[in-house]
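In what follows, a structure is listed as structure tokens, so that the remarks can point back to it.
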Amino acid sequence: MIKHIRLSENFFFKQLFDRVSCTYSYLLADTETKEAILVDPVIDLAERDAKIIGNLGLKLKYSINTHMHADHITGTGVLKKLLPGSQSVISTASQALADKHVAHGDILEFGNHKMEVRSTPGHTNGCVTYVCHEQGIAFTGDTLLIRGCGRTDFQEGNPEILYDSVHNHIFSLPDNFRLFPAHDYNGILDTTVLEEKKFNPRLTKTKEEFVEIMNNLNLAYPAQIDKALPANKVCGLYNLPPEMEEKYKSVLKP
């Protein structure tokens with residue numbers, strides 16, 4: 001067993017889940033200033049997230065994406081409308097619309113807390129990992145999943161680049177840092193750097209072995225990609241499927 005770093009007394013953390021896409025969203029906040037960040041929101045649950053933020057008396061500063069998702073539409077655009085004053089964030093390399101674009105080494109601040117941006121491409125060009133060093137936690141998106149990783153066979157995927165991203169920018173963190181992915185399909189909430197360095201069945205291999213594994217997964221075409229990518233390129237504000245247009249027409253109208 002490894003001892004986790006204790007969260008600061010003024011650091012709020014809540015993990016949220018979308019049962020349809022098996023996506024985790026993460027609400028972080030400074031309990032003193034009430035400034036908050038929401039990581040990887042899902043459009044279907046934007047009203048839930050806004051309600052939670054309001055109930056807790058928090059002020060959403062940023063809704064951020066770890067990458068341009070292919071399996072769900074981001075909730076950042078709707079949240080900007082539901083919670084005026086908040087801003088959407090995504091990496092510059094994603095080439096997607098947002099209020100704020102970030103790159104490797106940038107720092108996002110909320111209250112007295114800081115989150116470092118680490119570029120971790122390979123699943124997509126725009127993938128980033130967000131690290132809160134003081135709290136000993138990192139949000140790895142699809143780059144590193146629990147005992148797995150994001151696929152590399154579409155949307156600019158590259159197994160060699162993904163392998164280097166994980167080993168250089170995630171496995172280089174302290175062993176006791178907790179890692180929180182964008183998805184899990186087995187009901188596991190989080191993992192640690194040490195666990196993945198020891199037990200990840202793909203990323204414990206050599207780079208050559210990893211590339212061979214990833215090039216032979218033979219996965220099905222992503223079911224939601226044709227709906228998700230057009231909307232996610234424009235912050236989930238436009239190019240929505242008809243059911244989302246109808247659901248949020250009063251919110252997103254000009």
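In what follows, residues are counted from 1 in the order of the sequence shown. Note that these values count all heavy atoms, side chains included, but never hydrogens, waters or copies made by symmetry. Here the structure is a predicted model, which is why all the values come from computation and not from measurement.
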Should Lys227 and Glu243 count as an ion pair when the cut-off is N to O under 4.0 Å? yes
Do we see a donor-acceptor contact under 3.5 Å between the side chains of Gln135 and Ser8? yes
A side-chain contact here means heavy atoms from C-beta on lying under 4.5 Å apart; do Leu252 and Leu240 qualify? yes
Do Arg151 and Asp142 sit within salt-bridge range, that is, some charged N less than 4.0 Å from a carboxylate O? no
Quick one: do Leu97 and Met244 end up in the same hydrophobic cluster if we chain Ile, Leu, Val, Met, Phe, Trp and Tyr together by side-chain heavy atoms under 4.5 Å apart? yes
Would you call the rings of Phe13 and Phe180 parallel, tilted or perpendicular, where under 30° means parallel and over 60° means perpendicular? tilted
Does this structure show an ion pair linking Lys61 with Glu109, if we count only N-O contacts that are shorter than 4.0 Å? no
Only one of Lys198, Lys197, Lys3 passes salt bridge (charged side-chain N to carboxylate O under 4.0 Å, His left out) with Asp175, and that residue is Lys197
Identify the two heavy atoms, one from Pro181 and one from Thr140, that lie closest to each other, and give their separation to 0.1 Å. CA-OG1, 3.5 Å
Side-chain contact, heavy-atom cut-off 4.5 Å: Thr152 with Asn158? no
Quick check, are the ring centers of His183 and Tyr24 under 6.0 angstrom apart? no
Quick check against the 3.5 Å criterion: does Ser25 have a side-chain atom that pairs as donor or acceptor with the backbone of Asp40? yes
Are any of the side-chain nitrogens in Glu196 or Arg147 under 4.0 Å away from the carboxylate oxygens of its partner? yes
Non-hydrogen side-chain atoms of Thr192 and Phe177 separated by less than 4.5 Å: no
Please state whether the rings of Phe139 and Tyr26 are parallel, tilted or perpendicular, taking 30° and 60° as the class boundaries. tilted
Please determine which of Ile64, Ile37, Asp106, Leu28 meets the side-chain contact (heavy atoms from CB on, under 4.5 Å) test together with Tyr130. Ile64
Are Asp44 and Lys247 ion-paired here, with the side-chain N under 4.0 Å from a carboxylate O? no
Distance-only donor-acceptor check, side chains His133 and Glu116, under 3.5 Å: yes
